[in-house]
Amino acid sequence: MTNPQPHTELESHLKETRRFAPPADFAAQAHVRTQAEYDALHRRALDDPEGFWEEVAAGLHWFRKWDRVLEWNPPNARWFAGARTNLSYNCLDRHVAAGLGDKTAILFEGEPGDVRRVTFRELLDEVCRFANALRGLGVKKGDRVTIYMPMTPELAVAVLACARIGAPHSVIFGGFSVQAIADRVEDAQSNVVITADGGYRRGHVVPLKANVDEACERCERIRTVVVFQRCKCDVAMKPGRDHWWHELTAGAPATCEPEHCEAEDMLFLLYTSGTTGKPKGIMHTTGGYMVHTNYTARMIFDLKPDDVYWCSADVGWVTGHSYVIYGILSNGVTTLMYEGAPNHPGWDRFWDIIERHKVTKFYTAPTAIRAFMREGRQHADRHDLSSLKLLGTVGEPINPEAWLWYHEVIGRGRCPIVDTWWQTETGGIMITPIPGVIHTKPGSATRPFFGIDAAILNKNGVEQPPNAGGFLCIRKPWPGMLRGVYGDPERFRRQYWSEIDGVYFAGDSARRDEDGYFWIMGRVDDMIKVAGHGLGTMEVESALVSHSAVAEAAVVGVPHEIKGNAIVAFVTLRSGIEPTPALRQELMNHVTHTMGAFARPEQIRFTQSLPKTRSGKIMRRLLKEVATSGEVKGDTTTLEDFGVLVKLAQKDEE
Ligand code: 6R9
């Protein structure tokens with residue numbers, strides 16, 4: 001991350017005035033039903049955060065109670081120090097003991113259409129078998145295990161088995177290629193990789209095992225590879241190193257004593273590069289992370305025993321860790337896992353899944369919503385989506401237009417939307433509506449979660465007045481916070497705690513409005529300074545997307561002799577709309593009308609797609625290179641589809 005310019009003042013120019021009250025029938029059944037209940041929880045968490053989190057923690061199983069709720073030596077926090085627990089026990093054994101053994105834990109749909117229901121008891125058995133298999137291979141508490149698998153129940157089994165034996169997992173998204181695997185294995189000093197022969201994506205088989213084979217050539221430390229058979233395709237098995245999952249587990253006992261982990265034992269490493277720079281291994285520990293994800297999932301998705309909850313994120317992303325697996329299963333709720341692409345075989349795949357499995361809560365990314373918008377509402381309109389009760393988004397700022405489309409076309413106007421702001425580093429959700437109480441405004445993640453001290457500060461640590469832009473910071477420690485960058489305590493301190501002394505800052509700019517609602521303006525690194533105005537990328541993009549021809553937009557600043565910077569906008573159009581010079585003019589005028597002449601793009605470039613990370617975030621850093629020099633030299637290992645860049649570099653596609 002390059003540090004933000006110290007003199008930069010951010011300004012906000014977009015005003016969204018639409019408001020949505022929680023639907024009355026939703027509010028009537030919610031965990032938090034009234035403003036008074038909300039205020040009481042909010043006040044309790046503010047006045048006595050440690051007492052508040054301690055009460056929450058009491059709802060989970062601990063083999064030994066903590067000595068202290070929090071030890072805080074900035075930037076190092078220890079939550080529930082002295083306590084012992086196990087995440088897999090809390091996700092599985094606890095529910096089986098409570099009589100939920102026959103309830104579906106994972107509802108799986110493969111891309112080819114195969115469906116499996118795995119009950120809590122079956123999942124527990126599988127996790128125990130696989131945990132025993134791992135121990136049999138010599139994996140011990142503290143050993144980092146790399147997981148590179150398709151979105152199948154076995155991925156959850158692998159994750160939970162690691163948690164069971166106290167071996168931190170490092171999940172690598174199945175879309176990553178060889179070098180990304182090798183780099184992460186090396187950084188984590190991991191000797192064991194769990195993979196599959198392949199996984200299905202857009203009708204093809206992704207050669208996961210072949211990628212791991214190549215990674216093994218580049219990195220000698222891998223001594224064990226476990227291969228789950230998903231596609232029954234041909235793979236090479238190296239004797240002594242490679243083992244079939246089904247052979248290892250066939251004879252393994254279905255019971256396995258869970259490790260009594262220290263609350264501060266490492267639970268997992270997850271590599272993030274966000275949209276900038278070299279990947280770093282974000283470290284999360286056991287007790288605090290469990291409490292944070294369990295409680296946020298329950299309150300924000302308003303989880304109930306009969307829910308069929310679906311988060312479409314890949315487990316290779318933090319959202320998948322916290323809100324496909326841990327936060328959902330620890331609440332004893334059914335979690336749906338879908339293996340494949342959102343548009344395979346057609347653009348209605350998601351809506352078809354929701355209809356057939358009667359999904360009640362659905363959590364996805366703005367980038368997916370904008371893609372669905374671009375293709376048109378007819379794909380959703382032909383499905384019965386009446387099972388849905390709540391919708392959520394995460395990963396990027398959601399433009400008000402996309403929010404309204406989601407609300408209307410998917411939620412049919414009946415479902416509250418929770419726009420949840422958080423990060424790999426925060427472990428769990430930080431800013432979000434509480435769905436039965438908080439009135440939403442399209443494009444705002446609304447208010448900090450109970451016990452989260454979020455604030456907008458300037459570079460001197462001074463809180464900004466309403467609607468003035470600044471750094472989005474967290475002033476007090478929270479249970480799910482990262483405990484460091486693996487192997488690099490100095491980078492941890494420098495990256496997150498040095499901008500403003502003793503305060504957590506991870507790179508987003510935002511403003512808080514007169515009602516105390518937070519509006520994310522973009523990444524500080526992506527900020528554009530035009531003729532003295534500091535602009536977040538979000539607002540100009542939102543202005544563009546509010547035009548009915550536009551599906552998605554990304555803006556970047558390029559050096560300009562007079563203005564300092566000029567805005568270049570990359571725009572994808574809704575399906576069926578032709579890119580013409582007249583439309584380009586119209587869009588420029590549209591931005592001028594919505595925001596003011598200073599925000600008018602100097603250039604608009606039409607494109608079929610934008611370069612994105614695996615989790616759907618637009619990589620503006622690369623667009624900036626394209627716009628400035630016409631080529632890309634920076635790190636592209638986290639890019640989802642390299643073809644997009646090649647096309648962009650060839651100038652306009654019209
Ligand atoms: C969970 C996740 C974190 C960055 C974060 C911010 C952006 C996430 C958002 C959002 C606006 C939201 N972000 N949620 N921006 N509104 N609701 O996405 O983690 O992959 O680490 O990304 O994503 O910029 O700083 P991660």
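Atoms within a ligand are numbered from 1 in the order they appear, just like the ligands themselves. These numbers were taken from a predicted model, which means no experiment stands behind them.
Enclosure of atom CG in Asn460 by more than 12 non-hydrogen atoms of other residues, nucleotides or ligands within 6.0 angstrom is indicated.
For ligand 1, none of its N or O atoms has an N or O atom of Thr272 under 3.5 Å away. Between Gln423 and ligand 1, a contact under 3.5 Å exists for at least one N or O pair. At under 3.5 Å, a nitrogen or oxygen of Gly395, whether backbone or side chain, sits near a nitrogen or oxygen of ligand 1.
Below 4.0 Å from some heavy atom of Asp419 lie the following atoms of ligand 1, by number and element: 12 (C), 16 (N), 17 (N). Heavy-atom contacts of Ile520 reach the following atoms of ligand 1: 11 (C), 15 (N), 16 (N) (cutoff under 4.0 Å). Every atom of ligand 1 is numbered from 1 in the order shown, and the set under 4.0 Å from a heavy atom of Thr319 is 1 (C). Of all atoms in ligand 1, listed by their number and element, those nearer than 4.0 Å to a heavy atom of Thr420 are 9 (C), 12 (C), 14 (N), 17 (N). Close contacts of ligand 1 with Thr424, meaning ligand atoms under 4.0 Å from a residue heavy atom, involve 19 (O), 20 (O), 21 (O), 26 (P).
For atom 15 (N) of ligand 1, the nearest non-hydrogen atom from the set Gly320, Pro397, Gly392 comes from Pro397.
For the residue pair Tyr323 / Thr296, a side-chain donor-acceptor distance below 3.5 Å is found, with atom types taken as modelled. Using modelled atom types and a 3.5 Å distance limit, the side chains of Ser312 and Thr364 yield a donor-acceptor pair. Counting only N and O atoms by type, the side chains of Thr537 and Asp526 include no donor and acceptor under 3.5 Å apart.
Using a 4.0 angstrom heavy-atom cutoff, Lys617 counts as in contact with ligand 1.
Taking the six-membered ring where the residue is Trp, Tyr496 and Tyr504 present parallel rings, their angle staying beneath 30° rather than reaching 60°.
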Exercise for review: Could you give me the CA-CA distance, side-chain angles and deciding distance for Arg523 and Asp508, then say whether salt bridge (charged side-chain N to carboxylate O under 4.0 Å, His left out) is met?
Suggested key: CA-CA 4 Å; Arg523 301 286 300 169; Asp508 284 356; 2.7 Å; yes
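Here the straight-line distance linking atom OG of Ser322 with atom CE of Met290 works out to 13.5 Å at 0.5 Å rounding.
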